[in-house]
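Working notes, beginning with the structure itself.
As a basis for the values below, the full set of heavy atoms in this structure was taken, side chains included, without hydrogen atoms, waters or symmetry mates. Keep in mind it's a predicted model, so treat the numbers as computed, not measured. The chains referred to below are lettered A, B, ... by the order of the sequence lines, with proteins before strands, and numbering in each begins at 1.
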Amino acid sequence: MKTKPLCGKARMRRLKKCQKNCVTLHSKRLTKPLTDNMEYNHKEIEKRWQQFWRDNEVYRVKEDPARKKFYVLDMFPYPSGAGLHVGHPLGYIASDIYSRYKRQQGFNVLHPMGYDAYGLPAEQYAIQTGQHPEITTRNNITRYEEQLSKIGFSFDWNREVRTCDPKYYKWTQWAFMQMFNSWYDLQAGKARPISELEKYLSEHGTEGLHAAETKELHLTADQWNSMTEKEKRQTLMNWRIAFQGETMVNWCPQLGTVLANDEVSEGVSVRGGFPVEQKLMNQWCLRVSAYAQRLLDGLDKLQWTDSLKETQRNWIGRSEGAEMLFPVVGKDISLEIFTTRADTIFGVTFMVLAPESAYVKELVTPEQKAAVDAYLEEVKRKTERERQIDKKVSGVFTGSFARNPLTGKEIPIWISDYVLAGYGTGAIMAVPAHDSRDYAFARHFDLPIIPLIEGADVSEESFDAKEGVMMNSCGPKLDLNGLQVKEAIAKTKKFIEEEGIGKVKVNYRLRDAIFSRQRYWGEPFPVYYKDGTAYLMDESVLPLELPEVKSYKPTPDGEPPLGRAENWKTPEGYPIELCTMPGFAGSSAYYLRYMDPHNDQALVSPEANAYWRDVDLYVGGSEHATGHLIYSRFWNKFLYDLGVVVEDEPFKRLVNQGMIQGRTSFVYRIKDTNTFVSRGLKDNYDVTPIRVDINLVDNDVLDIDGFRKWRPEYADAEFVLEDGKYICGYAVEKMSKSMFNVVNPDDIVDRYGADTLRMYEMFLGPIEQSKPWDTNGIDGVNRFLRKLWNLFDRADLSSDAEPSKEELKVVHKLAKKVTQDIENFSFNTSVAAFMIAVNELGQLKSGNRKVLDMITRLIAPFAPHIAEEFWHRLGNEGSVVDAEWPAYDEQYLVEDMVKYPVSFNGKTRFTIELPAGADKAAVEEAALKAEGAAKWLDGKQPRKVIVVPGKIVNIVV
RNA sequence: GCGGGAAUGGUGAAAUGGUAGACACGAAGGACUUAAAAUCCUUUGACCCGGAAGGGUUGUGCGGGUUCGAGUCCCGCUUCCCGUACCA
């Protein structure tokens with residue numbers, strides 16, 4: 001059945017429009033009449049088919065156990081006030097192509113989109129203007145939706161989520177509550193209910209307990225049982241997965257909030273670039289470190305790039321070593337240190353504590369107290385940034401000594417800020433001969449240096465490598481001399497465990513995530529305080545909605561903005577937590593919510609989760625490697641432990657798209673004049689480069705009139721031209737308003753159409769690569785689509801003729817290339833393949849219906865609007881998104897080969913196969929090449945050599 | 001420092017170890033046009049020979065190696081980009 005009501009109507013509409021255009025063109029410009037062929041009118045086509053998709057809910061997806069699922073996810077955007085620029089859709093286009101391809105292959109594809117709506121910019125805007133962040137955010141989302149809708153994505157908008165929507169963040173809060181009510185059992189390797197821990201403590205105390213903990217506690221059952229409720233609650237914080245703890249945090253005074261490690265880079269905040277200092281604060285934290293090993297192990301089975309996996313491995317930073325006790329001389333305490341170089345213990349000449357270490361107070365002698373206090377004060381004053389820039393060696397002697405447990409020698413204990421409080425035990429044994437930091441410190445304070453490795457010259461610098469033969473390492477009970485470093489490490493570890501002076505230990509660099517933010521625009525904690533102790537609210541209060549406040553600033557006495565909320569109390573009158581959750585809270589499980597976005601009984605129903613399981617393909621920027629992608633994996637693993645989700649890892653395959661940078665244009669003003677000189681001539685003058693709006697530049701040629709109108713001060717600008725043109729210079733910079741290099745996708749869609757934008761973005765280069773946006777090449781892609789259009793316009797679509805051999809070759813070659821390219825995410829070469837195919841078909845004057853049908857199916861993921869148009873013109877019903885993906889047949893791709901007998905070494909004869917039509921010269925050339933190749937056969941005679949002139953394709957012995 | 005990646009025409013870039021530069025932009029020339037736009041055709045890595053058809057040399061950051069054959073694989077450098085950084 002071939003009904004085509006839409007097609008017919010569409011044709012009429014198009015005809016009318018075309019005639020109208022002709023008329024206006026006639027009357028305005030007296031141009032010659034247009035032919036019967038209709039121009040490719042992207043505006044009309046795209047508008048019509050986008051409406052068709054909406055009206056028919058073509059992209060709506062439902063769980064369907066009869067079909068295999070495929071889940072394609074984009075990292076959802078933060079809706080910023082600047083709107084989308086042309087770089088944002090890059091990854092979305094790639095994932096959209098993949099989604100459509102998979103759908104055409106028969107998969108049930110989940111391809112959702114939403115908004116990461118909590119964020120600092122909206123809040124800062126609110127502080128400045130008083131406008132509620134919700135309004136700002138909603139406006140920005142509206143703008144994003146408009147922009148996205150024009151590009152023709154196959155998102156199922158019915159599943160949209162917004163992290164600031166109470167229906168959504170109910171489940172963010174819910175997850176937090178589950179974490180509060182859980183502890184991590186290291187033996188079972190999973191999270192368990194806190195009630196089970198309480199039961200264990202009441203029966204055994206901490207004896208035999210293997211739990212991820214803030215610090216090591218030793219409690220008997222009696223001690224635990226005799227605690228008050230308040231004491232018990234405070235003690236449990238040591239094990240909860242969401243817990244409160246006094247930790248060193250990154251405090252940003254300008255932002256008035258703490259930041260997570262991944263939100264700080266080079267000592268300044270990632271957002272805003274403000275200095276960050278270290279501060280001890282009581283904060284909500286997530287015990288991510290409990291999952292360090294699983295996060296590490298899980299990477300092996302993921303299809304992520306090696307670089308991204310490596311980044312995560314480094315961030316997790318597993319290191320195997322030993323914890324050792326060094327007794328303090330004259331005191332009843334021991335210093336605990338962590339080292340990966342247990343073998344170097346005979347070279348320890350001093351010890352160093354972090355300034356924040358709890359040992360400091362106990363070890364400072366009265367004589368040194370003044371000096372130590374002064375040093376601590378100095379360290380405290382320095383920001384993290386200053387600490388990093390100013391790498392001068394500094395430190396102070398505590399006055400105390402420790403005893404090296406192996407040599408028995410007394411060694412001084414120092415304090416220095418090169419030792420970090422947050423890693424290991426906050427104390428180190430210093431081996432200046434084999435650690436560059438200890439070396440610098442020893443040199444500066446003139447402390448002894450004992451070399452331990454044969455042949456290592458430590459007169460100028462330390463020898464840090466973990467290799468060589470040990471020396472100077474013999475004590476009364478342990479002799480390491482003559483051993484290789486690795487052997488020595490193993491032997492020492494064994495020895496200290498036997499002697500009870502230490503234990504083998506694995507340390508991770510990964511810290512627990514700080515989960516409090518002293519801000520307004522985030523998820524409130526479902527937590528209240530009774531007698532200064534945190535209690536969870538009842539689950540029935542969820543979602544605990546964000547209250548209104550009059551101002552978004554901190555309160556005058558330094559409390560977070562929620563301190564201004566009226567009645568921010570439980571019905572019983574207990575105060576509710578004033579902090580809100582950080583940005584990563586809402587983005588950690590959004591991929592699960594898409595599976596079942598309207599469920600108000602569960603984050604995701606077991607049925608929906610069992611069907612969609614995990615994300616098959618995740619596309620997004622690599623900047624989330626150490627933030628979102630760690631937190632999300634942690635969050636997922638926790639929910640996995642709870643039995644809420646069925647997959648341990650959330651993102652099976654991950655592709656990082658590169659950033660699109662801006663291409664800034666420059667004009668060159670001659671100093672102290674209003675005269676501008678063209679790029680080629682600028683070296684003859686003393687010039688100042690000035691950024692100019694990219695919209696005033698076409699192909700590096702400046703629109704001079706536009707430039708004069710752009711700014712009043714340029715109204716009477718003069719120009720020194722070359723070849724009658726003003727050529728601008730350019731530089732690659734971040735795309736931003738202040739650089740005048742922002743290209744808006746709306747403008748491109750308006751001028752060339754969404755299909756052109758989509759194909760051009762893919763054509764720019766490999767998807768993973770960062771590259772500058774350059775509108776210059778877009779005409780080529782647009783030209784290609786017009787050629788394709790003309791191919792259809794010329795064709796006789798009513799004919800059922802079989803394609804010619806040449807036509808079949810073109811189209812099957814294309815199908816093979818495009819299929820392979822999509823699988824490999826190599827879209828730029830696919831676009832090229834389309835161009836070649838269309839050119840070849842143009843040369844063949846092809847208008848074959850079956851050929852065009854196949855092309856339509858192949859191009860549908862790339863240019864869905866034009867494909868939909870073709871699909872209906874071919875008389876099909878429904879949407880091209882469900883058009884079956886064409887299989888290619890290799891038989892059409894095989895060249896016709898002709899055999900030529902050839903003599904070799906004067907006697908041997910073998911056969912060369914060449915493509916049909918090869919001339920004598922080609923045969924001779926091939927024979928020559930084959931002779932060389934035959935040598936490699938080690939005297940064997942080739943039976944057959946298949947040659948494309950100059951290129952040996954295959955040798956059969 | 002450490003980790004990851006990259007280097008190919010004027011530009012963006014292609015090349016399972018097999019004719020390097022596909023495809024596109026730009027540029028130059030031509031056709032159509034009163035003209036322009038649009039469209040189409042030709043040329044386009046560099047150098048050299050030739051009146052021309054055509055032919056030759058060279059060429060994928062640098063230096064070696066493996067191979068009949070290397071942009072591609074191995075070893076050693078140089079430069080650039082990204083990530084991370086006192087993690088003991």
Answer with yes or no whether the side chains of A:D435 and A:S462 bring together a donor and an acceptor at under 3.5 Å.
no
Taking 4.0 angstrom as the limit, do A:K813 and A:E840 come out as a salt bridge?
yes
Selection from B:rU39, B:rG12, B:rA13 that lies nearest to any side-chain heavy atom of A:R783:
B:rU39
Nucleotide nearest A:N314 when distance is taken to its side chain, options B:rG3, B:rA88, B:rA24:
B:rG3
Closest to the A:W315 side chain, choosing from B:rC23, B:rA88, B:rA85
B:rA85
For A:L788 and B:rA24, what is the distance between atoms CG and C1' respectively, to the nearest whole Å?
17 Å
Is a side-chain donor-acceptor pair under 3.5 Å present for A:N782 with A:Y40?
no
Value in whole Å for how far the P atom of B:rG5 lies from CE of A:M659
20 Å
Ranking B:rC40, B:rA24, B:rA14 by distance to the side chain of A:N839, first place goes to B:rA24
Nearest whole angstrom, please: distance from the C1' of B:rA14 to the CZ of A:F825.
20 Å
Which of B:rA88, B:rG4, B:rC23 is nearest the side chain of A:D435? It is B:rA88
In whole Å, measure the gap between the P atoms of B:rU43 and B:rG21 for me.
15 Å
Mind calculating the distance between NZ (A:K309) and C1' (B:rG5) to the nearest angstrom?
16 Å
Distance between C1' atoms of B:rG10 and B:rA27 (Å, rounded)
8 Å
To the nearest angstrom, how far is A:I345 atom CD1 from B:rA88 atom C1'?
13 Å
Can you tell me how far P in B:rU44 sits from the matching atom in B:rA53, rounded to whole Å?
12 Å
Which one, B:rC86, B:rC23, B:rA15, comes nearest to the side chain of A:L420?
B:rC86
Does B:rG3 have a Watson-Crick or wobble partner in any strand here, with both distances under 3.5 angstrom, and which is it?
B:rC82
Pick the C1' atom in B:rA70 and in B:rU60, then give their distance to the nearest Å.
11 Å
Assign A:K787 to base, sugar-phosphate, or nothing according to its heavy-atom contacts below 4.0 angstrom with the strands shown.
sugar-phosphate
From B:rA88, B:rA13, B:rA38, nucleotide with atom closest to A:R786 side chain
B:rA38
Got a second to check how far A:E761's CD is from A:I778's CD1, nearest 0.5 Å?
8.0 Å
Under 3.5 Å side-chain donor-acceptor pair for A:N656 and A:S622:
no
Among the nucleotides B:rU84, B:rA24, B:rA88, whichever has the atom closest to the side chain of A:R509 is B:rU84
Taking atom P in both B:rG45 and B:rA22, compute the distance separating them and give it to the nearest angstrom.
8 Å
What is the base-pairing partner of B:rG17, counting Watson-Crick and G-U wobble geometry with both distances under 3.5 Å?
none
Test ring-ring contact (aromatic ring centres under 6.0 Å, His included) applied to A:Y760 and A:F784, A:F827, A:W773, the passing residue
A:W773
Along RNA chain B (nearest heavy atom to each residue), the more 5'-positioned of A:T311 and A:L308
A:L308
Which nucleotide in B:rA15, B:rA88, B:rA24 has an atom nearest any side-chain atom of A:T829
B:rA15
Take the protein atom CZ of A:F784 and the nucleotide atom C1' of B:rA22, then report the distance between them rounded to whole Å.
15 Å
Between B:rC25 and B:rC41, how far apart are the P atoms? Round to whole Å, please.
12 Å
Separation between OG1 (A:T339) and CD (A:E323), nearest 0.5 Å, reads 11.0 Å
Find the distance A:M324:CE to B:rA88:C1' and express it as a whole number of Å.
11 Å
Considering every strand and a 4.0 Å limit on heavy-atom distances, what is the contact class for A:Q769: base, sugar-phosphate, or nothing?
sugar-phosphate
For A:Y418 and B:rA88, is the shortest distance between a side-chain N/O and OP1 or OP2 below 4.0 Å?
no
On a whole-Å scale, what distance lies between the C1' atoms belonging to B:rC81 and B:rA28?
35 Å
Can you tell me if A:T425 and A:E336 form a side-chain donor-acceptor pair at under 3.5 Å?
no
Checking contacts here: which listed nucleotide (B:rA13, B:rC86, B:rC23) is nearest the side-chain heavy atoms of A:D417?
B:rC86
Within the 4.0 Å heavy-atom criterion, would you say A:I836 contacts the bases, only the backbone, or no part of the nucleic acid?
sugar-phosphate
Quick one: label A:P766 by what it contacts on the DNA or RNA (base, sugar-phosphate, nothing), any heavy atom closer than 4.0 Å.
sugar-phosphate
Could you check whether A:N828 gets within reach of a base, just the sugar-phosphate, or nothing at all, counting any heavy atom under 4.0 Å?
sugar-phosphate
Sugar-phosphate only, base, or nothing, as touched by A:R511 at under 4.0 Å among non-hydrogen atoms:
base
d(CG, A:D306; C1', B:rG4) in whole Å:
9 Å
Base, sugar-phosphate alone, or nothing: which one does A:S319 contact when heavy atoms must sit under 4.0 Å apart?
sugar-phosphate
Could you check which nucleotide pairs with B:rU42 in any of the strands shown, counting Watson-Crick or G-U wobble with both distances under 3.5 Å?
B:rA28
Provide the Watson-Crick or G-U wobble partner of B:rC47, both distances under 3.5 Å; none if there is no partner.
B:rG56
Rounding to the closest angstrom, what is the interatomic distance between B:rG56 and B:rG63 at atom P?
26 Å
Report yes or no: does A:K771 contribute a side-chain atom to a donor-acceptor pair with the main-chain N or O of A:P766 at less than 3.5 Å?
yes
Report the base-pairing partner of B:rG76 (Watson-Crick or G-U wobble, both distances below 3.5 angstrom), or none.
B:rC62
What is the glycosidic conformation of B:rG9: syn, defined as within 90° of 0, or anti?
syn
Partner nucleotide of B:rU8 by Watson-Crick or wobble geometry (both distances under 3.5 Å):
none
